[in-house]
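So you know, we letter chains A, B, ... as the sequences are listed, proteins then strands, and number each from 1. Everything quoted here is computed from the prediction, not taken from an experiment.
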Protein chains: 2
Amino acid sequence: MARTLDFQQMLRGAALRVTRPRVAVLNAVHGHPHADTDSIIGVVRTELPRVSHQAVYNSLHALTTAGLVRRIQPSGSVARYESRVGDNHHHVVCRSCGLIADVDCAVGEAPCLTASDDSGFSIDEAEVVYWGLCPDCSTAANS
Amino acid sequence: MARTLDFQQMLRGAALRVTRPRVAVLNAVHGHPHADTDSIIGVVRTELPRVSHQAVYNSLHALTTAGLVRRIQPSGSVARYESRVGDNHHHVVCRSCGLIADVDCAVGEAPCLTASDDSGFSIDEAEVVYWGLCPDCSTAANS
DNA sequence: CCTATAATCTTGACTGATTCCAGAAAAGGG
DNA sequence: CCCTTTTCTGGAATCAGTCAAGATTATAGG
């Protein structure tokens, strides 16, 4: 598990100032994959009780832009964040309880990256969201 | 292009009551693919000036549940609706201006439908969103 | 055609995530 | 240690979408 010093280096490496809120947010995202902003605020406040929600929003935005965290937002959900970046993985979302799990690429490295007809767009990313039921909800539905 | 009578039949076929707001919403979605709720309200009001926004929200919800329209919501966008349903197509979204275009499946009929490791989820749909720049924004960026 | 009943619509308040803003605090270079 | 710029605090504001109560309307049945 990454430590505070690592997070500080990650921030410097991305040319971002090292501030307590940013380190705490980075730590929270690493410890709670797929957490939404409100949960992250909660986690950060166990360490820094006085951070403003705005600071967390700012930090998440800065970290996302710098590529240190990734923002995901399945339809109908609020924004969620994760620390796995740069590996082009995808997600399964439970239609019933909203649980999210990681899924590695099914087709080689860049699944579906070549659209059959790109309408002239220059595509740089293919994002895949699988929808279904998680094990628990699946069991509950069949009973 | 589908006419009012067709829409009425579509509603009856889905066991939905035929109301003016629903017919107008169905018409608006058919005529304006990928429009957001606010735009749809605007279009509907050219025909029925007194519809409430709530009626449009209700109609869109009912139509979506019935499978007569499809709701899409790329990250960072509000909900949008389209009338192409049941053909498992996907979308390209312009990172710069938000323009959305349809994309047919790249890999046969069900691209990526088989996740490499589904974590025990029972998956019923794979949704793909391609991100990039539309022709206009792409040109603007290179100048 | 007329009535009954259940679904739908209108109106208007409300929620919750996110953003905006101005002044205070803090990071990093010199 | 000081200065400049970025970031943070606190609080108000925005915006999509939802909730709720009473008025209307669609449809089945007589």
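The CZ-C1' distance, from A:Arg17 to C:dA25, rounds to 12 Å in whole Å. The distance from atom CZ of B:Arg12 to atom C1' of D:dT27 is 9 Å, rounded to the nearest whole Å. Summarising the geometry, the separation between OH on B:Tyr81 and C1' on D:dA16 is reported as 10 Å, rounded to the nearest angstrom. Summarising the geometry, the separation between CD1 on B:Ile72 and C1' on D:dA16 is reported as 17 Å, rounded to the nearest angstrom. Following rounding to the nearest Å, A:Leu48 (CG) and D:dC8 (P) show an atom-to-atom distance of 11 Å. Here the P atom of nucleotide C:dT15 and the CG atom of A:Asp38 are 16 Å apart, to the nearest Å. Separating the CD1 atom of A:Ile41 from the P atom of D:dC8 is a distance of 13 Å, rounded to the nearest angstrom. Separating the CG atom of B:Asp36 from the P atom of D:dA16 is a distance of 8 Å, rounded to the nearest angstrom.
Within the 4.0 Å cut-off from OP1 or OP2 of C:dA7, not a single side-chain nitrogen or oxygen of B:Thr19 is found.
Here B:Asp104 pairs with B:Arg84 in a salt bridge; the nearest charged N to carboxylate O distance falls below 4.0 Å. By the 4.0 Å N-to-carboxylate-O rule, B:Arg95 lies close enough to A:Glu125 to be salt-bridged with it.
Across residues 50-63 of chain A, A:His53, A:Gln54, A:Tyr57 each have a non-hydrogen atom less than 4.0 Å from an atom of DNA chain C (numbered order).
Between the side chains of B:His34 and B:Asp102, at least one donor N or O lies within less than 3.5 Å of an accepting N or O. Side-chain contact of B:His30 with B:Glu82: a donor-acceptor pair under 3.5 Å is absent, judged by distance alone.
Applying the side-chain contact (heavy atoms from CB on, under 4.5 Å) test between A:Tyr81 and each of A:Thr64, A:Asp36, A:Ile72 identifies A:Thr64 as the sole match.
Remark: the backbone N or O of A:Ala35 is not paired with any side-chain donor or acceptor of A:Ser39 at under 3.5 angstrom.
A:Leu16 places a side-chain heavy atom less than 4.5 Å from the side chain of A:Leu63.
Nucleic acid contact for A:Arg20: none, since no nucleic acid atom lies under 4.0 Å from a heavy atom of the residue.
If you find the closest nucleotide of DNA chain D to B:Arg71 and to B:Leu16, the one lying nearer the 5' end belongs to B:Arg71.
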